Peer 1: 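Can you read through this structure? Questions will come right after.
We number each residue from 1, following the sequence as shown. All figures in this text were calculated on a predicted structure; none of them were measured in a lab.
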Amino acid sequence: MAATILDGNWAAAKVKEGLRARIAALSAVGVTVGLATVLVGEDPPSARYVAMKHADCAELGITSFDHRLDANVTIDELLAKLESLNSDPRVHSYLVQLPLPSHLDQERVLAAVAPPKDVDGLHPVNLGLLALGEPQVVACTPAGIVELLRLYDVDLTGKHVVVIGRGVTIGRPLALLLTLNRPGLNAAVTVVHSKIPTLGDYTRQADVIIAAAGSPGIVTADMVLPGAVVVGAGTTFEGRTLLSDVADDVASVAGYITPRIGGVGPMTRAMLLGNAVRAAEVSVG
Ligand code: GUN
C-alpha cells in the first residue's frame, strides 16, 4: 500500500489557524507581535529562509524586523546588535540565522540572546529546561516534527524512534522532546550519527525514523521496516535544489512519509510563529 504523505503545508495551515486567534487577542490589548531576524552574510539558502520567515509574519500580522550584517562583521559588532534587540520593547523575540560565518563563535552568539526573546529555543537556558523536562521554548524543527505527527494521529507513546543526527538545531533537542513524559510522547529514543557505521542495524528496529543528518539519501528502502513512519528533516542544497536525507525509494516501504518539499519545512516555520506569539504573550504577563 502507498505510504500516507505527511503534508506539512496542510499541518502548518492548521497551526496558523490557531495562532490567528491568539494574535487577535494580543491586538485587542494593544500588543502587536514583533519578531526580528539577524542574517550575517549572504548565504543564499539562509537568505531564502529569512525571506520566508518575513513573508509568514506578514501573512499573520506579526511585525518583523530584518537586520542584515556584513559577512565580515566582528563578534563585538554582532553582540552589540543582539544587545540592542534584547532591550528593544517592539521586539518580543528574535533569531540569528544559522550557520554563521566560521570566524563567529556560534555558542557565544546563541548565549547572548536574552532567553525570553530566544524564538529558536537554542539558548543554553532553554535547551537546559528541555533537558530538565520543563521546556519553555522548544526549538522549531523538533517541535514542528512532533506537531506534524500529532496532527496525523501518530502516537509516539512506547514507540521506538531512531533519530539520525545529533546537531543542536534538530537531533539533540528532538531526542529530549520525544522522551518527555507527556501524552503522545513518552517514546524510546535511539540517537545515531555519522560515526555509527551500521545505521541500518538501528533503523531496521524503528517504528519511526527521523533523519536530520543533512546527508542526502542517507535513509534507503532497505533500512526501513514495512509500515514505519519516516520523517526527512535534514536539508542540503545543490544550487537551489533541496535534497532530502530520505531516498525516493523509501516511499514504497514506509507507512507514513514526509515529501521532499512541503514536509518538515513549513512546520518549522509555523512553530517559529508560535514561539513568537508565545514570547509576546509572556511579555504581557
Ligand atoms: N538554520 C537552520 N536551522 C535553523 C534554525 O532552526 N534556526 C536558525 N536560527 N537558523 C537555522
Side-chain angles (χ1 to χ4, degrees), residues 1-8 11 130-131 133 135 138-236 242-268 271:
M1 212 174 78
T4 299
I5 302 297
L6 297 165
D7 181 349
L130 177 60
V138 178
C140 303
T141 303
I145 292 168
V146 163
E147 184 63 7
L148 177 63
L149 295 177
R150 192 187 72 78
L151 286 167
Y152 275 90
D153 296 322
V154 176
D155 189 343
L156 298 171
T157 309
K159 298 283 169 56
H160 182 201
V161 184
V162 171
V163 176
I164 307 175
R166 56 182 161 182
V168 74
T169 54
I170 312 181
R172 211 168 273 273
L174 177 61
L176 293 167
L177 185 60
L178 293 167
T179 53
L180 286 182
N181 185 359
R182 289 197 179 172
L185 298 176
N186 285 299
V189 179
T190 301
V191 181
V192 294
H193 45 76
S194 57
K195 295 288 192 294
I196 305 295
T198 54
L199 288 181
D201 290 351
Y202 295 86
T203 58
R204 276 186 288 272
Q205 299 179 43
D207 301 301
V208 181
I209 300 168
I210 304 178
S215 187
I218 194 171
V219 179
T220 49
D222 61 301
M223 295 165 65
V224 178
L225 285 179
V229 179
V230 181
V231 174
T235 53
T236 308
L242 174 64
L243 304 178
S244 172
D245 280 6
V246 178
D248 291 343
D249 62 357
V250 175
S252 63
V253 185
Y256 291 79
I257 193 163
T258 50
R260 184 175 62 82
I261 294 174
V264 172
M267 289 304 285
T268 297
M271 300 322 272

Peer 1: Look up atom CG in L180 and atom CG in L185, then write down how far apart they are to the nearest 0.5 Å.
Peer 2: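 Answer rounded to 0.5 Å: 6.0 Å.
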
Peer 1: Of all the heavy-atom pairs spanning V224 and R204, show the shortest one and how long it is.
Peer 2: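 Shortest heavy-atom contact: N-CG, 4.4 Å.
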
Peer 1: Take I210 and L174 through the test side-chain contact (heavy atoms from CB on, under 4.5 Å) and record every step on the way to the result.
Peer 2: CA-CA 9 Å; I210 304 178; L174 177 61; 3.6 Å; yes

Peer 1: With heavy-atom distances below 4.5 Å as the criterion, would you say the side chains of Q205 and V162 are in contact?
Peer 2: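 Heavy-atom side-chain distance check fails, nothing below 4.5 Å.
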
Peer 1: What distance do I209 atom CD1 and D245 atom CG have between them, rounded to the nearest 0.5 Å?
Peer 2: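 That separation rounds to 12.0 Å.
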
Peer 1: Is a donor on one side and an acceptor on the other found under 3.5 Å between the side chain of T236 and the backbone of G214?
Peer 2: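 Side chain of T236 to backbone of G214: a pair is present.
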
Peer 1: Return the minimal non-hydrogen interatomic distance between T141 and A233, and the atom names on each side.
Peer 2: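 Of all heavy-atom pairs spanning T141 and A233, the closest is CG2-CB, 4.5 Å.
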
Peer 1: Does R172 reach the main-chain N or O of R166 with its side chain, forming a donor-acceptor pair under 3.5 Å?
Peer 2: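 Yes; judged by distance alone, with no hydrogens or angles, the pair exists.
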
Peer 1: Any idea which heavy atoms bring G8 and M267 closest together, and the distance?
Peer 2: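 Minimum heavy-atom separation between G8 and M267: O-SD, 3.9 Å.
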
Peer 1: Is there side-chain contact between V208 and L178, with at least one heavy-atom pair below 4.5 Å?
Peer 2: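 No, side chains not in contact.
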
Peer 1: For residues 145-156, tabulate all N or O donor-acceptor pairs below 3.5 Å that involve a side-chain atom, not counting sequence neighbours.
Peer 2:
from	atom 1	to	atom 2	distance (Å)
E147	OE1	R150	NE	3.0
E147	OE2	R150	NH2	2.9
Y152	OH	I5	O	3.4
Y152	OH	D7	N	2.9
D155	OD1	T157	N	2.9
D155	OD1	T157	OG1	2.6

Peer 1: I need the minimum non-hydrogen distance between V246 and A211, along with the two atoms involved.
Peer 2: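 Scanning both residues, the minimum pair turns out to be CG2-CB, 4.3 Å.
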
Peer 1: Under 3.5 Å, which donor-acceptor pairs do the side chains of residues 215-222 form with other protein atoms, sequence neighbours left out?
Peer 2:
from	atom 1	to	atom 2	distance (Å)
T220	OG1	D222	OD1	2.6

Peer 1: Show me the donor-acceptor pairs, under 3.5 Å and distance only, between side chains in residues 250-265 and residues at least two apart or in other chains.
Peer 2:
from	atom 1	to	atom 2	distance (Å)
S252	OG	D249	O	2.7
T258	OG1	G232	N	2.9
R260	NH1	L242	O	2.6

Peer 1: For N181 and N186, run side-chain contact (heavy atoms from CB on, under 4.5 Å): C-alpha distance rounded to whole Å, both residues' side-chain angles, the deciding distance at 0.1 Å, then the answer.
Peer 2: CA-CA 5 Å; N181 185 359; N186 285 299; 3.3 Å; yes

